Amino acid sequence: MTTCQMCEQHDETGGQLCPGCTKATRVRLEALPVLYRGLGVLLAPAGGVGQGRSGKGGPPALPVSEGILDMRGVMMGTLEDWLSAVRQERGMQEQPAARRGVDGRLDAAVSGLLRHMPWIAVSWEQAGEFAEEIRELARSVSSMIQPPAREGGTRVGHCPAVDPSGARCGAVLRLAPGEKAIVCPWCTCSYPPYMWAYLKSWIDEDTKAPDAA
């Protein structure tokens with residue numbers, strides 16, 4: 001009998017991870033490509049607002065969310081680093097065929113780790129650290145895609161972010177106590193203080209529009 005490296009419960013299988021933690025880690029790995037693409041969707045509104053507003057003579061385009069870009073980079077680096085560590089530990093010299101595109105690379109890293117999961121769960125001494133990092137990665141990305149609702153704060157209006165199809169976000173914006181920027185809870189567009197005058201004009205414009213929400 002051993003102790004699971006993740007939940008620290010006794011495990012009669014004698015592996016590094018108990019069956020429950022092994023299954024949970026597999027499920028999280030399988031979800032990461034979907035979460036990665038979900039982050040990609042959130043990149044569009046920030047650019048979309050600038051394109052739609054600047055076409056009317058408004059201010060320059062809003063920058064793409066750096067937080068989203070950073071998290072996508074963290075996901076890619078984390079998964080590829082863990083796969084490389086597993087392959088090195090198992091003495092695998094031949095590199096797998098490279099897949100095209102960023103999405104292909106991430107899919108390849110996830111597929112590789114899933115193939116090694118039986119060995120990781122039973123034999124790898126770093127199994128607990130690996131499982132915990134995958135859990136935290138999935139939690140962090142999920143919170144960015146669907147952040148927890150924020151209570152309180154000053155209601156500002158509806159988010160004016162527009163995606164490439166012309167659809168307006170429309171989520172309620174609030175300035176939470178102590179925050180220095182207004183952040184949309186749905187599309188994650190950030191409006192720092194220097195943009196508040198622009199933000200007000202966009203919200204007023206949308207409110208006056210015939211099809212305003």
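All residue numbers in this chain count up from 1 along the given sequence. Being a predicted model, the structure only gives us computed values, none of them experimental.
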Once you round to the nearest 0.5 Å, how far does [atom1] of [X] lie from [atom2] of [Y]?
X	Y	atom1	atom2	answer
F130	D81	CZ	CG	12.0 Å
D107	L79	CG	CG	10.0 Å
L173	Y191	CG	OH	6.0 Å
I68	L39	CD1	CG	5.0 Å

So, using salt bridge (Lys or Arg N to Asp or Glu O under 4.0 Å) as the criterion, who are the partners of K200 when residues are at least two apart?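 In terms of salt bridge (Lys or Arg N to Asp or Glu O under 4.0 Å), with neighbours along the sequence ignored, K200 is linked to D204.
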C21 versus C4, closest heavy-atom pair with distance: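 Scanning both residues, the minimum pair turns out to be SG-SG, 3.8 Å.
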For A127 and Q5, which heavy atoms make the closest approach, and how far apart are they? N-OE1, 3.6 Å
Exam field: side chain S201 to backbone Y198, donor-acceptor pair closer than 3.5 Å: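 Between the backbone of Y198 and the side chain of S201 there is a qualifying donor-acceptor contact (under 3.5 Å).
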Would you check if the side chain of T2 reaches a backbone N or O of G15 as a donor-acceptor pair within less than 3.5 Å?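 Checking the backbone N and O of G15 against the side chain of T2, a donor-acceptor pair under 3.5 Å is found.
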Would you sort out whether H10 and T3 count as a side-chain contact (heavy atoms from CB on, under 4.5 Å), showing the intermediate values? CA-CA 4 Å; H10 291 306; T3 300; 3.8 Å; yes
Side chain proximity check, [X] to [Y], heavy atoms < 4.5 angstrom:
X	Y	value
L83	H116	yes
L199	P160	yes
M71	L137	yes
Y36	D103	yes
I120	Q16	no
P19	K23	no

State which residues pass side chain to side chain contact (heavy atoms under 4.5 Å, CB included) with [X]; sequence neighbours excluded, sorted by chain then number.
X	answer
P193	W196
E30	R26, L114
S84	none
V172	R155, H158, R174

Going by side chain to side chain donor-acceptor pair (under 3.5 Å), name the pairs with one or both residues in residues 124-141, residues two or more places apart or in two chains.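 Those involving residues 124-141 are W82-E133, E136-R139.
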Membership question, hydrophobic clusters at under 4.5 Å side-chain separation (ILVMFWY): are [Y] and [X] in the same one?
X	Y	result
V74	V110	yes
W202	V156	yes
I134	V86	yes
M6	L32	no

